[in-house]
Trainee: 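Dropping the structure in here first, questions after.
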Amino acid sequence: GQSLEQPSEVTAVEGAIVQINCTYQTSGFYGLSWYQQHDGGAPTFLSYNALDGLEETGRFSSFLSRSDSYGYLLLQELQMKDSASYFCAVRVNAGNNRKLIWGLGTSLAVNP
Amino acid sequence: EAQVTQNPRYLITVTGKKLTVTCSQNMNHEYMSWYRQDPGLGLRQIYYSMNVEVTDKGDVPEGYKVSRKEKRNFPLILESPSPNQTSLYFCASSLAGPNTEAFFGQGTRLTVV
């Protein structure tokens with residue numbers, strides 16, 4: 001089967017750096033995405049990696065290693081508003097299907 | 001303003017009473033999809049559509065139907081809702097496929113009693 005694994009919970013303090021890992025076992029991998037979701041709200045897109053390496057967007061960075069089937073989201077200078085759930089998602093192809101497979105999410109709590 | 005609009009936001013219904021959740025996007029996106037989100041199970045794709053009149057099953061399609069007669073609209077139909085379809089539902093659209101940035105609607109919280 002196809003699966004993504006990420007930690008269920010992470011806790012950090014304001015101003016710190018946190019890394020949320022995602023390992024995947026999928027067929028036909030086409031890229032790794034990250035989304036943020038505040039309680040009860042709509043997920044919002046953070047980043048997408050199709051190639052190996054680090055992509056930086058402000059305080060957030062995302063990394064991918066296709067050979068290791070692994071990626072991570074790095075959040076720097078944490079703020080209270082970063083408390084949310086973070087999901088990794090992988091695009092897979094299966095025949096004519098083009099789908100996103102989602103991890104179960106990592107709940108990040110940022111404490112003062 | 002670019003957006004995905006779902007209606008209704010909240011719905012309580014009874015078992016077996018057909019319902020439709022509407023979804024509309026104003027970004028001329030080709031790819032649209034429906035998800036359900038349940039505690040501990042993350043986001044699971046129900047159906048997706050790669051373009052007008054092109055739809056396909058996601059991971060949990062049983063008990064649901066969709067249609068894509070126009071590019072902007074992608075309604076989710078529950079012909080005979082059951083309590084196990086109580087969930088938070090999201091519609092999403094993206095420009096050209098699931099690896100491009102997806103924009104989500106605000107969600108529909110459905111309770112089937």
Side-chain angles (χ1 to χ4, degrees), chain A residues 1-9 20 22-24 26-51 55 57 60 62 64 66 71 84-107, chain B residues 1-7 9-10 21 23 25 27 29-51 53-61 66 87-110:
Chain A
Q2 310 199 77
S3 66
L4 282 77
E5 287 194 18
Q6 51 181 131
S8 58
E9 292 179 354
I20 300 174
C22 176
T23 57
Y24 57 88
T26 62
S27 59
F29 174 86
Y30 285 90
L32 178 69
S33 301
W34 289 94
Y35 285 80
Q36 178 192 60
Q37 184 182 32
H38 286 98
D39 255 354
T44 55
F45 175 84
L46 292 176
S47 68
Y48 173 71
N49 294 66
L51 303 175
E55 298 272 349
T57 310
F60 293 3
S62 57
L64 175 66
R66 296 174 66 132
S85 291
Y86 294 84
F87 294 86
C88 58
V90 169
R91 179 196 156 186
V92 299
N93 273 16
N96 291 325
N97 295 335
R98 292 189 289 161
K99 305 194 303 184
L100 266 184
I101 307 295
W102 293 75
L104 296 185
T106 298
S107 177
Chain B
E1 181 190 352
Q3 59 185 8
V4 178
T5 304
Q6 283 178 239
N7 279 297
R9 292 288 310 277
Y10 302 90
V21 184
C23 174
Q25 51 94 4
M27 295 168 279
H29 283 171
E30 290 186 352
Y31 188 91
M32 297 185 74
S33 55
W34 275 103
Y35 294 91
R36 62 178 288 173
Q37 187 173 30
D38 303 288
L41 296 178
L43 282 155
R44 293 181 293 168
Q45 193 175 48
I46 302 170
Y47 269 95
Y48 64 95
S49 169
M50 292 192 281
N51 215 322
E53 303 291 4
V54 181
T55 62
D56 210 342
K57 296 177 181 178
D59 294 317
V60 288
V66 294
S87 188
L88 177 60
Y89 291 86
F90 288 103
C91 177
S93 77
S94 53
L95 182 61
N99 55 306
T100 54
E101 177 179 357
F103 293 81
F104 282 76
Q106 288 307 301
T108 296
R109 192 167 290 281
L110 172 66

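Sequence lines set the chain letters: A, B, ... in the order given, protein chains first and strands last, and positions in each chain run from 1.
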Trainee: With the side chain counted from C-beta on, respond yes when A:Trp102 and B:Gln37 share a heavy-atom pair under 4.5 Å apart, and no when they do not.
Mentor: no
Trainee: Considering only heavy atoms and a distance below 4.5 Å, find which of A:Gly103, A:Ala42, A:Gly105, A:Pro43 pairs most often with chain B.
Mentor: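 Looking at each of A:Gly103, A:Ala42, A:Gly105, A:Pro43 in turn, A:Pro43 comes out on top.
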Trainee: Taking only residues two or more places apart in sequence or in another chain, which ones pass salt bridge (charged side-chain N to carboxylate O under 4.0 Å, His left out) with B:Asp38?
Mentor: B:Arg36, B:Arg44
Trainee: Of the backbone (N, CA, C, O) and the side chain (C-beta and beyond), which part of A:Ile101 lies under 4.5 Å from a heavy atom of chain B, both, or neither?
Mentor: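 For A:Ile101, the contact with chain B is made by the side chain alone.
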Trainee: Less than 4.5 Å to any heavy atom of chain A: does that hold for the side chain of B:Leu43, its backbone, both, or neither?
Mentor: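 The answer is both parts of B:Leu43.
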Trainee: With the side chain counted from C-beta on, respond yes when B:Tyr35 and A:Leu100 share a heavy-atom pair under 4.5 Å apart, and no when they do not.
Mentor: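 Side-chain contact under 4.5 Å: yes.
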Trainee: Please check if atom CD in B:Gln3 has more than 12 non-hydrogen atoms from other residues, nucleotides or ligands closer than 6.0 Å.
Mentor: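 For B:Gln3, atom CD is crowded (more than 12 foreign heavy atoms under 6.0 Å).
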Trainee: Quick check: closest heavy atoms across B:Glu101 and A:Tyr35, and the distance to 0.1 Å?
Mentor: C-OH, 4.1 Å
